[in-house]
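Have a look at the structure below, then the notes.
Side chains are part of it too, since the values below use all heavy atoms of this structure and drop only hydrogens, waters and symmetry mates. Within every chain, numbering begins at 1; the chains are lettered A, B, ... in the order of the sequence lines, protein sequences first and strands thereafter. This one's a predicted model, so the numbers in the text were calculated from it and none came from an experiment.
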Amino acid sequence: MYKLAAIVGPTAVGKTSTSIKVAQTIDAEIISCDSMQIYKDMNIGTAKASPAEQAVVTHHLIDFVRPDEDFSVAQYQKMTKKLICDLNEKGKTPLLVGGTGLYFQSVVDDYTFFPLESRQKVRDQWNQIIEDKGMDFVYTHLRSVDPVYAAKISANDQKRIVRALEVYELTGESFSSLQKKRENTYNLAVVGLYLERPELYKRIDLRVDQMLRHGLIEEVKTLREKGYDLTLNSMQALGYKQVYNYLEGFLSREQMTEEIKRETRRYAKRQYTWFNKDKRIHWINVQEYPNDDELARKISVYIGRTIN
RNA sequence: GCCUCGGUAGCUCAGCUGGUAGAGCAGCGGACUGAAAAUCCGCGUGUCGGUGGUUCAACUCCGCCCCGAGGCA
């Protein structure tokens, strides 16, 4: 059974710097588990590890997708599984680090994704039908082909309705019947970095101000000049979306800043929700450690004990 | 010093002629299988400034006090 270590937690909790120290002590390479750090030319707003940090420890799955290219969990999972295998064979420990719950889960629980060729075309078609006939019509249709899944989601959840209908149309089988997973595929150790809400929110505010000082607006301006707009998934990223709206004149500078902070807080809350239900996660309160080195040592010891 | 207006949720405020209070924002909880930093669902969290009084019953009416804003001196 392959070894797999992981560090998860909400945004701004300190995963990046901690993981680099941990990776050095346990001889690991880092596999990013972040749906936005995959994009090239989006560095400041996604809080990627700096080139200097990446020089210390090898980082995978960062910076390899253009912002106007499509990407998906399935691709992420496939690449990550391969990396976990390769690193283990090489005698290195793979250290999965990030805050994207779905990506994490898809790897750790080995979600089954089924082969599907086209997608955007079918999605566009259903989105068009929703525009013409309304959500109710489409939701009712979903209920007739996949009542189980329809009952699980909201009649307002357009993305999930469209996805379920897309799968049904392409496979002839209901989405709910195709969702499979397999737990316990790895010799696993997961650490969750935790901070009390007030402290985390303080760090979020601080970091947003820092990003703006370090040129987030310039970064978005450059992306915008390349023709990237809000229809792209990449540009829906926290910070990018708001700065874009600021550049378009829809938000004042202050509104933009406040909105980024608020949305980031909400995101952090959703991340806690996601990770809290995973009982395999060993939570560590960052504030209980005097410095990063102590914290990293504690984590390294936990990982060493758990997966060896 | 006098007069006026105001003091209700974390914030901004609503509450008719008395029946122990409700909106927006913020916040909190949850869901999540090829868009996931996306998307969606749910929840008022309150010594109604304080204190005495009238009343079966006071956020609501009356007295006094405290705090804030404005006006007159």
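In this structure, B/rC28 and B/rG42 make a Watson-Crick or G-U wobble pair, each of the two defining distances being under 3.5 angstrom. Both distances falling under 3.5 Å, in either a Watson-Crick or a G-U wobble arrangement, occur for no nucleotide opposite B/rA21. Across all strands shown, B/rU51 pairs with B/rG63; the Watson-Crick or G-U wobble distances both stay below 3.5 Å. Across every strand in view, B/rA36 sits unpaired, with no contact that passes the Watson-Crick or G-U test at under 3.5 angstrom. Nucleotide B/rC16: unpaired (no Watson-Crick or G-U wobble partner with both distances less than 3.5 Å). Base pairing analysis places B/rC72 opposite B/rG1; the two distances defining the Watson-Crick or G-U wobble pair are each below 3.5 Å.
Proximity of a side-chain donor or acceptor of A/Asn88 to a complementary backbone N or O of A/Lys3 within less than 3.5 Å is detected.
At a threshold of 4.0 angstrom between heavy atoms, the contacts of A/Thr100 are confined to the sugar-phosphate backbone, with no base atom among them. Looking at heavy-atom distances under 4.0 Å, A/Arg123 makes contact with a base. A/Gln179 comes within 4.0 angstrom of a base, heavy atoms only. Within 4.0 Å of A/Asp34, counting heavy atoms only, lies at least one base atom of the nucleic acid. Nucleic acid contact for A/Phe104: none, since no nucleic acid atom lies under 4.0 Å from a heavy atom of the residue. Here A/Lys180 lies in heavy-atom contact (under 4.0 Å) with a base. Nucleic acid contact for A/Gly239: none, since no nucleic acid atom lies under 4.0 Å from a heavy atom of the residue. Using a 4.0 Å heavy-atom distance criterion, A/Phe175 is classed as a sugar-phosphate-only contact. When heavy atoms are screened at a 4.0 angstrom cut-off, A/Thr11 is found touching no nucleic acid atom at all. Note on A/Tyr272: nothing from the nucleic acid sits closer than 4.0 angstrom, heavy atoms only. When heavy atoms are screened at a 4.0 angstrom cut-off, A/Thr264 is found touching no nucleic acid atom at all. Within 4.0 Å (heavy atoms only), A/Tyr103 reaches sugar-phosphate atoms of the nucleic acid but no base atom.
Candidate nucleotides B/rC41, B/rA36, B/rU33 were compared by shortest atom distance to the side chain of A/Ser154, and B/rC41 ranks first. Side-chain proximity of A/Arg197 to B/rA31, B/rA35, B/rC28: nearest is B/rC28.
In this entry the distance linking OH of A/Tyr240 with P of B/rA35 reads 21 Å, nearest Å. In this structure, NZ of A/Lys181 is placed 11 Å from C1' of B/rC32, rounded to the nearest angstrom. Protein atom CD of A/Gln271 is 17 Å distant from nucleotide atom P of B/rC32, rounded to whole Å. Between the CG atom of A/Asn276 and the P atom of B/rC32 there is a distance of 14 Å, rounded to whole Å. Here B/rA31 presents its C1' atom at 15 Å from CZ of A/Phe275, a figure rounded to the nearest Å. Regarding A/Leu200, its CG atom lies at a distance of 15 Å from the C1' atom of B/rG27, rounded to whole Å. What separates NZ of A/Lys269 from P of B/rA26 is a distance of 12 Å, to the nearest Å. In this structure, A/Asp157 atom CG and B/rG30 atom C1' are separated by 14 Å, rounded to whole Å.
Atom name P, nucleotides B/rC64 and B/rC3: the rounded distance is 10 Å, in whole Å. Going from the C1' atom of B/rG27 to that of B/rA73 covers 47 Å, rounded to whole Å. Across the C1' atoms, B/rA23 and B/rG68 are found 24 Å apart, a figure rounded to whole Å. Look at the P atom in both B/rU33 and B/rA9: the space between them is 40 Å, to the nearest Å. For the C1' atoms, the distance from B/rU8 to B/rU47 is 12 Å, rounded to whole Å. Distance check on atom P: B/rA21 versus B/rC67 gives 30 Å, rounded to whole Å. B/rC5 and B/rG49 have their C1' atoms separated by 16 Å, given to the nearest Å. With both ends at atom C1', the span from B/rU4 to B/rU20 equals 30 Å, rounded to whole Å.
For A/Arg266, a side-chain nitrogen or oxygen approaches OP1 or OP2 of B/rG27 to under 4.0 Å. Contact annotation: A/Arg160 reaches the phosphate of B/rU33 (side-chain N/O to OP1 or OP2, under 4.0 Å). A sub-4.0 Å separation between OP1 or OP2 of B/rU39 and a side-chain N or O of A/Asn156 is absent. Put simply, A/Arg270 has no side-chain N or O that comes within less than 4.0 Å of OP1 or OP2 on B/rA31. In this model, the phosphate group of B/rC28 is approached by a side-chain N or O of A/Tyr201 to a distance below 4.0 Å at OP1 or OP2. Contact between the side-chain N/O atoms of A/Tyr149 and the OP1/OP2 oxygens of B/rU33 is found at a separation under 4.0 Å. Of the side-chain N and O atoms in A/Arg265, one or more sit less than 4.0 angstrom from OP1 or OP2 of B/rG27. For B/rC32, the OP1/OP2 oxygens have a side-chain nitrogen or oxygen of A/Lys277 closer than 4.0 Å.
Put simply, the side chain of A/Ile153 reaches to within 4.5 Å of the side chain of A/Leu142, judged on heavy atoms.
Taking the six-membered ring where the residue is Trp, the centroids of A/Tyr194 and A/Tyr272 are separated by under 6.0 Å. Outside the 6.0 Å centre-distance limit, the rings of A/Tyr186 and A/Tyr2 are not counted as a close aromatic pair. Ring to ring, A/Phe64 and A/Phe71 are close: their centroids are under 6.0 angstrom apart.
Counted within 6.0 Å of NZ on A/Lys298, heavy atoms from surrounding residues, nucleotides or ligands total 12 or fewer; the atom is thus considered open.
Applying the side-chain contact (heavy atoms from CB on, under 4.5 Å) rule to A/Ser252 yields the partners A/Glu254, A/Gln255; only residues at least two apart in sequence or on another chain are considered.
Remark: A/Lys152 NZ to A/Asp146 CG distance equals 9.5 Å, nearest 0.5 Å.
Toward the 5′ end of RNA chain B lies the nearest nucleotide of A/Leu178, the other residue of the pair A/Tyr267 and A/Leu178 mapping further downstream.
Relative to the ring axis of A/Tyr39, A/Arg66 does not place its NZ or CZ within 45° and under 6.0 Å from the centre.
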